[in-house]
Amino acid sequence: TTINGEGRFSDWIHSPFTIHHFMICTTHPDKQAAANCSICNKALCSACLYYADGDPYCQDCVSELGREHEMLQKQNRRKIRIAGIAGAVVSVAGVLGWQRLMFYTGFSMAMFTPISMFCLAFGVAMLMLRIAGQRSKMLFSFGAVYAVGIMLGSERIDYDYSLHQAARSGLSAEKLLEFAQQNTYIAYLNRMDPFDYAFVLLCVVIIWRRLWSARSDELAILGPEGGA
């Protein structure tokens, strides 16, 4: 048997278009199915069809998908908090450790302070990423705050170096105290040159490239009537 003189009837009746055209909704036998559930493959009409991130699901499967997504989000948030705590500990320990090293060595390696602090900020970012196991905006927030803190710590070490140089210049104790009072750490920060600001910005940008996630963590679910 042929249809319009082309092909056999059996070929037409088993074609994907025809099967979809005659597919009946599992829940509503009087309605034609519009899609199949991505998990259980149940035939769904427009009245019982849900979409999650663009894929079709039945009500049972989309509910289970939502519960699994929420559990996964809780696990991810816990990992991010642990990563944030670890990053804070390493950041503080790194800055204080380098500061102590400068005191013990008479600031003989002070020239390496900027690059050392930059490597510390980058290392903290990679450590947090490894602990969290994923990029996220929250993780970037932690990394950016720690990077700025590390760079401020670097400026503090440079400030201590300036006091060390003043002490080595032969100033008396009274003159040295007067120098320290006139040149406070806050005043030193106010005199930061554009290179220092550019260095901090570069550090934050690199951490942004490593930790920022452009993908949304939310699961977008649309119901039969197009509502969330």
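Positions are given from 1, in the same order as the sequence printed here.
Nearest heavy atom pair, residue H28 against residue C45, reads ND1-SG, 3.4 Å. Smallest separation of non-hydrogen atoms from A121 and I150: CA-CD1, 3.7 Å. Scanning both residues, K31 and A47, for their nearest heavy atoms gives NZ-CB, 3.8 Å. Across all non-hydrogen atoms, the minimal contact from M117 to S154 is CG-CB, 3.4 Å. When all heavy atoms of Y161 and F107 are compared, the closest pair comes out as CD1-CB, 3.4 Å.
Both F112 and F122 are members of a single hydrophobic cluster when ILVMFWY side chains are connected at heavy-atom separations under 4.5 Å. Transitive grouping of hydrophobic side chains (ILVMFWY, heavy atoms separated by less than 4.5 Å) brings L152 and I115 into a common cluster. Linking Ile, Leu, Val, Met, Phe, Trp and Tyr residues whenever their side-chain heavy atoms come within less than 4.5 Å places L120 and M126 in a single cluster. Both V204 and Y197 are members of a single hydrophobic cluster when ILVMFWY side chains are connected at heavy-atom separations under 4.5 Å. Residue I131 is not grouped with residue V92 when hydrophobic side chains (ILVMFWY) are merged at heavy-atom distances under 4.5 angstrom, including chains of intermediate members.
Interatomic distance, CG of L65 versus CG of D60, reported as 12.5 Å (0.5 Å rounding). With values rounded to the nearest 0.5 angstrom, N183 atom CG is found 10.0 Å from E178 atom CD. In this structure, the separation between CD1 on I24 and CG on D30 is 8.5 Å, given to the nearest 0.5 Å. Between the CG atom in L163 and the OH atom in Y185 there is a gap of 12.0 Å [rounded to 0.5 Å]. Annotation: the span from L49 atom CG to Q59 atom CD amounts to 11.5 Å, rounded to 0.5 Å. Here the straight-line distance linking atom CE of M111 with atom OG of S116 works out to 11.5 Å at 0.5 Å rounding.
Looking only at side-chain heavy atoms (C-beta outward), M102 and T113 come within less than 4.5 Å of each other. Y51 has its side chain out of reach of I221: every pair of non-hydrogen atoms, C-beta onward, lies at least 4.5 Å apart. Taking 4.5 Å as the limit, some side-chain heavy atom of Q181 sits within range of a side-chain heavy atom of L177. Side-chain atoms of Q99 and D160, non-hydrogen and from C-beta on, do get closer than 4.5 Å to each other. L101 is listed as a side-chain neighbour of M109, based on a closest heavy-atom distance under 4.5 Å. The shortest distance between side-chain heavy atoms of I80 and Q134 falls below 4.5 Å. Counting only heavy atoms from C-beta outward, the side chains of I207 and C203 approach each other to under 4.5 Å. Side-chain contact between L211 and S136 is absent, with no heavy atoms from C-beta onward closer than 4.5 Å.
Aromatic ring orientation, W212 versus F140: perpendicular (interplanar angle above 60°, classes split at 30° and 60°).
Taking a 6.0 Å sphere around CZ of R77, one finds it holds more than 12 heavy atoms contributed by other residues, nucleotides or ligands. The local environment of CZ in F103 is crowded, with over 12 non-hydrogen atoms from other residues, nucleotides or ligands closer than 6.0 Å. Counting non-hydrogen atoms of other residues, nucleotides and ligands closer than 6.0 Å to CZ of R156 gives a total above 12.
Donor-acceptor pairing under 3.5 Å is lacking for the side chains of Y159 and E155.
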Evaluate side-chain contact (heavy atoms from CB on, under 4.5 Å) for R135 paired with L129, printing each intermediate quantity in order.
CA-CA 7 Å; R135 300 180 181 185; L129 180 61; 3.9 Å; yes
Kindly indicate, with the supporting measurements, whether the criterion ring pair (Phe, Tyr, Trp, His ring centres under 6.0 Å) is fulfilled by Y50 and Y57.
CA-CA 5 Å; Y50 290 80; Y57 295 94; 9.5 Å; no
Is there a side-chain contact (heavy atoms from CB on, under 4.5 Å) between C48 and C58? Walk through the geometry before answering.
CA-CA 7 Å; C48 55; C58 66; over 6 Å; no
Take L44 and N36 through the test side-chain contact (heavy atoms from CB on, under 4.5 Å) and record every step on the way to the result.
CA-CA 6 Å; L44 306 168; N36 291 83; over 6 Å; no
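A donor-acceptor pair is defined here as one N or O able to donate and one able to accept, closer than 3.5 Å; such a pair exists between the side chain of Y146 and the backbone of G84.
Between E64 and R67 a salt bridge is recorded (basic side-chain N to carboxylate O distance below 4.0 Å). Salt-bridge annotation for E68 and K74: absent, with no side-chain N of the basic residue lying under 4.0 Å from a carboxylate O of the acidic one.
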